[in-house]
J.: 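Questions regarding the structure given below will be posed in turn.
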Amino acid sequence: KFYVFLSSAMSEDVDGIIDKLLAVRGCKPGKTVQLPEADIKALCVQAKPIFLSQSSLLEIDAPVKIFGDIHGQYHDLLRLFECGGFPPECNYLLLG
């Protein structure tokens with residue numbers, strides 16, 4: 001398992017972005033989420049060192065749910081999480 005420790009300010013920023021992304025739960029497919037470019041860049045800057053620190057071969061604790069390619073359909077991803085449970089309560093492997 002990998003644990004990420006963020007400063008409280010960074011953690012609040014990420015939590016705020018997640019809240020914005022989850023605000024469309026229960027809406028009809030196609031509902032857009034407006035995220036400022038600065039938020040997206042900040043999230044990428046915070047995520048990059050996490051991804052770079054991980055091995056290309058990850059050990060995932062069972063049980064794990066495996067998804068095929070969802071072709072970038074955010075609403076489909078939300079539906080899958082609603083059925084299977086939201087991370088970090090459930091482990092997922094996304095293919096594609």
Side-chain angles (χ1 to χ4, degrees):
K1 286 190 175 185
F2 292 94
Y3 296 93
V4 180
F5 299 98
L6 301 173
S7 71
S8 61
M10 291 173 107
S11 180
E12 288 177 18
D13 291 344
V14 172
D15 288 342
I17 291 171
I18 291 171
D19 289 342
K20 288 177 189 177
L21 291 169
L22 293 179
V24 297
R25 287 171 59 182
C27 296
K28 293 189 320 186
K31 174 85 172 150
T32 59
V33 177
Q34 298 295 322
L35 287 177
E37 183 178 344
D39 286 354
I40 297 168
K41 286 182 178 181
L43 187 58
C44 290
V45 166
Q46 293 174 33
K48 183 178 178 179
I50 296 167
F51 286 124
L52 292 175
S53 72
Q54 295 179 350
S55 169
S56 59
L57 177 64
L58 296 177
E59 293 184 27
I60 302 172
D61 292 334
V64 62
K65 294 172 176 73
I66 302 172
F67 295 164
D69 190 352
I70 59 170
H71 302 282
Q73 299 301 308
Y74 181 63
H75 186 265
D76 290 344
L77 179 67
L78 284 178
R79 281 194 0 231
L80 291 168
F81 284 163
E82 287 170 357
C83 291
F86 281 81
E89 283 78 33
C90 294
N91 291 320
Y92 292 95
L93 176 62
L94 301 168
L95 306 174

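We number each residue from 1, following the sequence as shown.
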J.: Could you give the distance from CD1 (I70) to CG (D76), rounded to the nearest 0.5 Å?
T.: 6.5 Å
J.: Under the side-chain hydrogen bond (donor to acceptor under 3.5 Å, both in side chains) definition, can you give me all pairs with a residue in residues 65-74, not counting sequence neighbours?
T.: none
J.: Which pairs would a plain distance check flag for residues 36-45, meaning a side-chain donor or acceptor within less than 3.5 Å of a matching protein atom at least two apart in sequence or in another chain?
T.:
| residue | atom | partner | partner atom | Å |
| --- | --- | --- | --- | --- |
| E37 | OE2 | K41 | NZ | 3.1 |
| D39 | OD2 | K20 | NZ | 3.0 |

J.: Closest heavy-atom contact between V33 and L21?
T.: CG1-CD2, 3.8 Å
J.: I'd like to know whether F86 forms a side chain to side chain contact (heavy atoms under 4.5 Å, CB included) with I18, so could you lay out the CA-CA distance, the side-chain angles of the two residues, the decisive distance to 0.1 Å, and finally the verdict.
T.: CA-CA 12 Å; F86 281 81; I18 291 171; over 6 Å; no
J.: Looking at C90 and G85, what are the two nearest heavy atoms and their distance?
T.: SG-CA, 3.8 Å
J.: Are the side chain of N91 and the backbone of D61 linked by a donor-acceptor contact shorter than 3.5 Å?
T.: yes
J.: State, to 0.1 Å, how close Q34 and T32 come at their nearest heavy-atom pair, and which atoms those are.
T.: NE2-OG1, 3.5 Å
J.: Mind checking side-chain hydrogen bond (donor to acceptor under 3.5 Å, both in side chains) for R25 and listing every partner two or more places apart, or none if nothing turns up?
T.: none
J.: To the nearest 0.5 Å, what is the distance between CG (L80) and NE2 (H75)?
T.: 10.5 Å
J.: For I66, what residues pass the side chain to side chain contact (heavy atoms under 4.5 Å, CB included) criterion, not counting sequence neighbours?
T.: L93, L95
J.: Specify the closest pair of heavy atoms between E82 and G26, including all atoms of both residues, with the distance to one decimal.
T.: OE2-N, 4.2 Å
J.: Give me each pair satisfying salt bridge (charged side-chain N to carboxylate O under 4.0 Å, His left out) with a member in residues 86-96, each pair once, sequence neighbours excluded.
T.: none
J.: Going by the rule side chain to side chain contact (heavy atoms under 4.5 Å, CB included), which residues pair with P87 if we only count those two or more places apart in sequence or in a different chain?
T.: F81, Y92
